[in-house]
*Asks:* 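This is the structure I want to talk about, given as structure tokens.
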Amino acid sequence: MNHRNIHKSKYSWILILCIIVGLLSSLYLVFERHQIEKSQNHIENIVDYDAVLRANAFEKRSQQEAFDALRNAGVTAFAIYDRTLEKAKDAGQVKVLTSEEMDSVRVNGASIKHGATYVGLISGKEGYYKEIREDLYHRIGKDKVKELNTSIGPVLELYGATADSYAKMNLGISKLQAQEVADRGFNVIVRPTNYRNVTSEDLQYVFKRLEGIPHVTGMIFAGKEALGAPNLTDETLELLHKNHIPLVGIEAVNQLQYEPQQGFLEMAAKDEYSVGRVYTIAKDELKKITPEEAAQRFYISDIERNIRFNLFPMYETGVNNETVLQTTINYIGMATEKLAAKGYEFGPADIYPPYTPNPLLVVLTMTGAIALFVYVVQMLIPMPKHTQLVAFFGISLVSIVVFIVTSGTLITQIWALSSAVMAPVGAMIRLMEEWRRYDSARPLGATKSTVLALFYLVIAALFAAIGGMYIASLLGNTKFFMEFAIFRGVKLTFVLPVILVMIAYLQRFPLWKGRMINSKEEAKKFVVEFLTMDVKFYVFFVVAALGAVAWVFVGRSGHTAGVPVPTSELMLRRFLENTMYARPREKEFIIGHPALMLATFAFLRKWPSVIHFLLTLAGVIGIASMVETFCHLRTPVFMSIMRGYDGLLIGALLGLLLIIAVRFMMYATQWFQAREVDHE
């Protein structure tokens, strides 16, 4: 029996129409999303103010020269933290003395207490002394703070805790320090720590210090709690709004969502997720990498993960015979230069507005995703046209009701996941149907086979792109942009397409003992034969090798870090990041796309079925990866589109080179075989 006509799908044109309508709806939403993302192009470059002052103390240049160099490197803001006595002493703002050091000081009307800590005024720094006195009164109460009149001026006597505890205790944000930063022409980023048993008075105290300070462009909480947690975060949020200060969250070390800070997620939700996102590098990590690598990490974070606040840590030791400060200035300058070349500007960071796509357009897109699901399923499990329509309308009705009742988050994620799986599977099955058109024909010429290989790769990529557009629009809202919600099921988007394409292949081509598995009887027979067949010992090694490949393939996919990336591949990634608009994925342009082109070439040239089967499975990897790219909602949609385009372009070129190389090897083999025959 000629298997061209076996398992020929008969689909309803209503499904095709709904897929097209859903695609048009998604394209509009993608365009709207792109306009929002494109407008978020201002980045705040931040450095720790105290750290700069400490580093500059070991340099010949003046403070003004240091700050001018930082400004020229792209720094737009300085972070100020809660002051401590230790920091104030190092900055020369107050004296911190022990009871032994106070023995030689004359005290009027009192005596020195053994074990107490003393804070003395420095001439010309009266303002700082008054702020610290006010902070101490507020933090530990006036009963533990006594002001003495001494021969060296007013001195604060602290008792009730060790000197080390007092030295490291957070006091409060310094208004004088904030004003100092503003006077130097920089923006102010405030990093307060929460109070124990925080009260409304504590919150008012913090924000009173910020009154009258121009250009306070963000608040990033320090420590494990948001200011006001656990019970007064609403009041903190109200004070932030009143003072027009953006709320900013710290990206987690694994670059997924946020560092845990009690109360922050609740505040962000009440702000409709319209918050800032800051990236920094841990000091221990910074020690291990070069300034060039550090600059590259900030650059990639900004362009790929909606980071708009860069908190640049200071190097602890200089590199290449440079000072600590100059090494830091150098890598900030490199990052700024790379970002400026991408069109970003620097200053107060842009904050994503609260955005949710039009519900009607989301519903239209969702019905398109449902139509795509039914369309692909009927290619795997044949069903009459009326059954297709009943399934489509029934699932659509239930999904729309759930969308209305639940505000859509769960149901849209379900259909986004469906699109991520069904789009590449549908693309590959349609490609198989095209291959079968040439099944009974004689082998095509090499040139025509090569042209068709390129053409079918592009067609498959365009078909799969429908799924990418569905995902980008169904989940295209601020909650996903800022990664308070993430796409669930990324691993499935790589595993399921391979499995389903394998099933579709066995349904359409006589790979298993010259038979196709396109009926229940054939499927049962296949399972029995497969489970009872004799297995050679070498098969275990083959299975182990395939398992290792699958482990790397799945482990390297998704949101989380899995299988480590070798140094050589990191070098390739950095090269592509710096030379292309968006770095394409290796699994697309190195594995998937060339393999898919070679699969078409192999089929048209009548190569053995096993080779064609393996190439087809490798080919689906690239197509599935193109769709999976859009599952990373934190990445701007235009970058995801360009990543797929760049991968397709390079993959097509490598595919052509691969076909040429294979043809050359075949010709060379035939030539050597002919020579051997002639010699015989």
*Asks:* Return yes if some donor-acceptor pair links the side-chain N/O of E101 with the main-chain N/O of T98 below 3.5 Å, else return no.
*Replies:*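 The answer is yes, because a donor-acceptor pair under 3.5 Å joins these two groups.
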*Asks:* Please report whether the ring centroid of Y581 lies less than 6.0 Å from that of Y645.
*Replies:*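 No, they do not, as the ring centres are separated by 6.0 Å or more.
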*Asks:* In terms of side-chain heavy atoms, does R305 have a donor or acceptor partner in Q255 at a distance below 3.5 Å?
*Replies:*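 Present: a donor and an acceptor within the cut-off.
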*Asks:* Does S165 reach the main-chain N or O of A161 with its side chain, forming a donor-acceptor pair under 3.5 Å?
*Replies:*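 Between the backbone of A161 and the side chain of S165 there is no qualifying donor-acceptor contact (under 3.5 Å).
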*Asks:* Quick one: do the R643 and T629 side chains pair a donor with an acceptor below 3.5 Å?
*Replies:*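 Note: R643 and T629 side chains miss the donor-acceptor criterion.
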*Asks:* Kindly say whether R634 contributes a backbone atom to a donor-acceptor pair with the side chain of N306 at under 3.5 angstrom?
*Replies:*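 Yes; at least one donor-acceptor contact below 3.5 Å.
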*Asks:* Within the distance-only criterion (no hydrogens, no angle test), does the side chain of Q261 pair as donor or acceptor with the backbone N or O of F221 below 3.5 angstrom?
*Replies:*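 Flag set: sc Q261 to bb F221 pair under 3.5 Å.
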*Asks:* For the ring pair F78 and F67, is the centre-to-centre distance below 6.0 Å?
*Replies:*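 Between F78 and F67, the centre distance is under 6.0 Å.
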*Asks:* Without swapping roles, check the side chain of R139 against the backbone of N170 for a donor-acceptor pair under 3.5 Å.
*Replies:*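 Yes, R139 side chain to N170 backbone: donor-acceptor pair under 3.5 Å.
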*Asks:* Do H138 and Y195 make the cut of ring centroids closer than 6.0 angstrom?
*Replies:*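 Distance test on ring centres: under 6.0 Å, yes.
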*Asks:* Does L70 reach the side chain of V52, with side-chain heavy atoms less than 4.5 Å apart?
*Replies:*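 With C-beta onward as the side chain, the pair touches.
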*Asks:* Taking only residues two or more places apart in sequence or in another chain, which ones pass salt bridge (charged side-chain N to carboxylate O under 4.0 Å, His left out) with E147?
*Replies:*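 R133.
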*Asks:* Measure from the side-chain N and O atoms of Y299 to the backbone N and O of M334, and report whether any donor-acceptor pair falls under 3.5 Å.
*Replies:*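 Answer holds: no.
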*Asks:* Mind checking whether F264 and Y258 have ring centres under 6.0 Å apart?
*Replies:*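 Yes, the ring of F264 comes within the 6.0 Å limit of the ring of Y258, centre to centre.
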*Asks:* Under 3.5 Å, is there a donor-acceptor pair between the Y205 and D135 side chains?
*Replies:*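 Judged by distance alone, the side chains do pair up.
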*Asks:* Hydrogens and angles aside, do E322 and Y315 bring a side-chain donor and acceptor to less than 3.5 Å of each other?
*Replies:*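 Looking only at side-chain atoms, Y315 and E322 do not form any donor-acceptor pair under 3.5 Å.
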*Asks:* If only side-chain N and O atoms count, and only distance matters, is there a donor-acceptor pair under 3.5 Å linking T236 with T233?
*Replies:*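 Looking only at side-chain atoms, T236 and T233 do not form any donor-acceptor pair under 3.5 Å.
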*Asks:* Please enumerate all residues that pass salt bridge (charged side-chain N to carboxylate O under 4.0 Å, His left out) together with K168, with sequence neighbours excluded.
*Replies:*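 Here the qualifying residues are E86, D164.
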*Asks:* For A178, what residues pass the side chain to side chain contact (heavy atoms under 4.5 Å, CB included) criterion, not counting sequence neighbours?
*Replies:*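 Checked A178 against side chain to side chain contact (heavy atoms under 4.5 Å, CB included); matches are I80, V188, I213.
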*Asks:* Go through the structure and list residues passing salt bridge (charged side-chain N to carboxylate O under 4.0 Å, His left out) with E588, not counting sequence neighbours.
*Replies:*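 Here no residue qualifies.
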*Asks:* Looking only at side chains, do K87 and Q93 share a donor and an acceptor under 3.5 Å apart?
*Replies:*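 Side chains of K87 and Q93: no pair found under 3.5 Å.
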*Asks:* Without hydrogens or angle criteria, can the side chains of N330 and T327 be said to hold a donor-acceptor pair below 3.5 Å?
*Replies:*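 Absent: no donor and acceptor within the cut-off.
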*Asks:* Looking at K287, is its backbone amide N or carbonyl O close enough to the side chain of E316 to form a donor-acceptor pair, meaning the two atoms are under 3.5 Å apart?
*Replies:*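 Judged by distance alone, no pair lies under 3.5 Å.
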*Asks:* N45 and side chain to side chain donor-acceptor pair (under 3.5 Å): which single residue from T336, D302, T76, N187 fits?
*Replies:*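 Option passing the side chain to side chain donor-acceptor pair (under 3.5 Å) with N45: T336.
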*Asks:* Quick one: does any side-chain atom of S151 pair with a main-chain N or O of R106 as donor and acceptor, under 3.5 Å?
*Replies:*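 Checked: pair present.
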*Asks:* With sequence neighbours excluded, tell me which residues meet side chain to side chain contact (heavy atoms under 4.5 Å, CB included) with E225.
*Replies:*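 With sequence neighbours excluded, E225 shows a side chain to side chain contact (heavy atoms under 4.5 Å, CB included) to N194, A229, Q262, given in chain and number order.
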*Asks:* Classify the ring geometry between F481 and Y352 as parallel (under 30°), tilted (30 to 60°) or perpendicular (over 60°).
*Replies:*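 Ring orientation of F481 relative to Y352: tilted.
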*Asks:* Check whether NZ of the Lys or CZ of the Arg K479 lies under 6.0 Å from the centre of the six-membered ring of F484 and within 45 degrees of that ring's axis.
*Replies:*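 The answer is no; the distance or angle limit is not met.
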*Asks:* Tell me whether the centres of the aromatic rings in Y81 and Y49 are closer together than 6.0 Å.
*Replies:*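 Ring centroids of Y81 and Y49 are no less than 6.0 Å from each other.
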*Asks:* So, S200 versus E235: side-chain donor-acceptor pair below 3.5 Å or not?
*Replies:*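 The criterion, which ignores hydrogens and geometry beyond distance, is satisfied for E235 and S200.
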*Asks:* Considering residues at least two apart in sequence or located in another chain, which fulfil the salt bridge (charged side-chain N to carboxylate O under 4.0 Å, His left out) criterion with E293?
*Replies:*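 For E293, the residues satisfying salt bridge (charged side-chain N to carboxylate O under 4.0 Å, His left out) (neighbours in sequence not counted) are R297, R574.
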*Asks:* Do T280 and F312 come within less than 4.5 Å of each other through their side chains, counting heavy atoms only?
*Replies:*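 In short, these two side chains do not touch, never coming nearer than 4.5 Å.
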